[in-house]
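Notes for the one structure printed next.
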Amino acid sequence: MKKKLYKGIMLYMILCMMPLFPYKTVQAMEETNYGYSEVSLSEVRQAFLEAYLQKKDLMKYRDIGEADWPLVDSVQLIYQKHYQDNPNSLSAPYCTYNAKGNFYAEVVDKSHSRVVLVYDGISENGECYLFVAQEEHYDVDGTKLDNTSLLEFYAVNVEKRKVYEAHKDTWGGAESEEYREATKE
């Protein structure tokens with residue numbers, strides 16, 4: 001009986017003291033052009049949820065992490081510029097990871113091949129995400145063959161919403177002037 005009475009008194013005291021301590025929401029820092037400003041954590045979560053739902057409607061997802069959203073945006077820009085009107089293109093890029101955890105997106109699916117955009121890193125100047133368009137070939141049974149073709153190299157500046165083509169289909173060789181200017185490579 002004493003234990004219940006003790007717990008009741010303690011709960012009553014805690015509840016009575018709560019108004020004495022003002023409640024303040026947790027603050028997160030948001031980077032702006034002029035430095036950092038405070039934004040409530042609930043606003044950050046709401047913005048995250050809205051962006052996620054909007055992107056989920058636009059893209060087919062397979063557990064794409066928040067850190068890879070710029071890659072998803074890059075793929076979407078490449079898709080809109082180069083693959084959207086292809087009769088064999090998917091209705092939206094299918095973004096996923098391979099067994100090694102590398103990001104890639106399927107954009108075109110033909111009867112015995114598919115075109116994928118493979119993430120290849122960030123440009124030397126840090127402004128562009130680099131992708132390689134590859135055509136993977138399959139036999140009639142659906143087994144992947146060893147003769148993947150390189151189709152194009154892309155650099156995407158997400159902030160400017162620009163896609164730059166290297167105009168090459170080999171790992172070596174010179175890129176277009178526009179591509180070199182955008183990537184500083």
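The structure presented is a predicted model; accordingly, all values stated were derived computationally and were not measured.
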Taking side-chain contact (heavy atoms from CB on, under 4.5 Å) as the test, write out the residues that go with T183, two or more places apart. S123, C128, L130, A155, Y179, E185

Distance from Y94 atom OH to L117 atom CG, nearest 0.5 Å? 15.0 Å

Could you work out, with side-chain hydrogen bond (donor to acceptor under 3.5 Å, both in side chains) as the rule, every residue matching K162, not counting sequence neighbours? none

Enumerate the residue pairs fulfilling ring pair (Phe, Tyr, Trp, His ring centres under 6.0 Å) with a member in residues 117-151, sequence neighbours excluded, ordered by first and then second residue. Y119-F131

Would you mind listing every ring pair (Phe, Tyr, Trp, His ring centres under 6.0 Å) that reaches into residues 157-177, with sequence neighbours excluded? F153-W171

Rounding to 0.5 Å, atoms SG (C95) and OH (Y79) come to a distance of 11.0 Å

Is there any salt bridge (charged side-chain N to carboxylate O under 4.0 Å, His left out) pair reaching into residues 77-89, and which pairs are they, with sequence neighbours excluded? K81-E165

Do you know which two heavy atoms are closest between A182 and N125, and how far apart they sit? O-ND2, 2.8 Å

Would you list the atom pairs, donor with acceptor, under 3.5 Å between side chains in residues 139-146 and any protein atom, with sequence neighbours excluded?
from: D139; atom 1: OD1; to: D141; atom 2: N; distance (Å): 3.0
from: D139; atom 1: OD1; to: G142; atom 2: N; distance (Å): 3.0
from: D139; atom 1: OD1; to: T143; atom 2: N; distance (Å): 2.9
from: K144; atom 1: NZ; to: E136; atom 2: OE2; distance (Å): 3.4

Got a sec, which residues hit side-chain contact (heavy atoms from CB on, under 4.5 Å) with N86, two or more places apart in sequence or on another chain? N88, S89, V108

Going by distance alone, is a donor N or O of one side chain under 3.5 Å from an acceptor N or O of the other, for S113 and E135? yes

Where is the tightest heavy-atom contact between P93 and V107, given as atom of each residue plus distance? CB-CG1, 4.1 Å

Contacts of type salt bridge (Lys or Arg N to Asp or Glu O under 4.0 Å), residue E127, not counting sequence neighbours: none

side-chain contact (heavy atoms from CB on, under 4.5 Å) filter on R180, not counting sequence neighbours, yields A174, E175, E177

Atom pair CZ (R161) and CG (L77), whose distance is rounded to the nearest 0.5 Å: 4.5 Å

For E181, the salt bridge (Lys or Arg N to Asp or Glu O under 4.0 Å) test, sequence neighbours excluded, returns K184

Rounded to the nearest 0.5 Å, how far apart are CD1 of I78 and CD of Q84? 13.5 Å

Scan for salt bridge (charged side-chain N to carboxylate O under 4.0 Å, His left out) pairs involving residues 95-105, sequence neighbours excluded, and state none if there are none. none

Of the options V116, L150, D169, which is the one that meets V132 in a side chain to side chain contact (heavy atoms under 4.5 Å, CB included)? L150

So F103 and V118, do their side chains get closer than 4.5 Å, heavy atoms only? no

Give the intermediate values and the outcome of side chain to side chain contact (heavy atoms under 4.5 Å, CB included) for residues L90 and Y83. CA-CA 9 Å; L90 301 174; Y83 299 101; over 6 Å; no

Once salt bridge (Lys or Arg N to Asp or Glu O under 4.0 Å) is applied, do any residues pair with E124, and if so which ones, sequence neighbours excluded? none

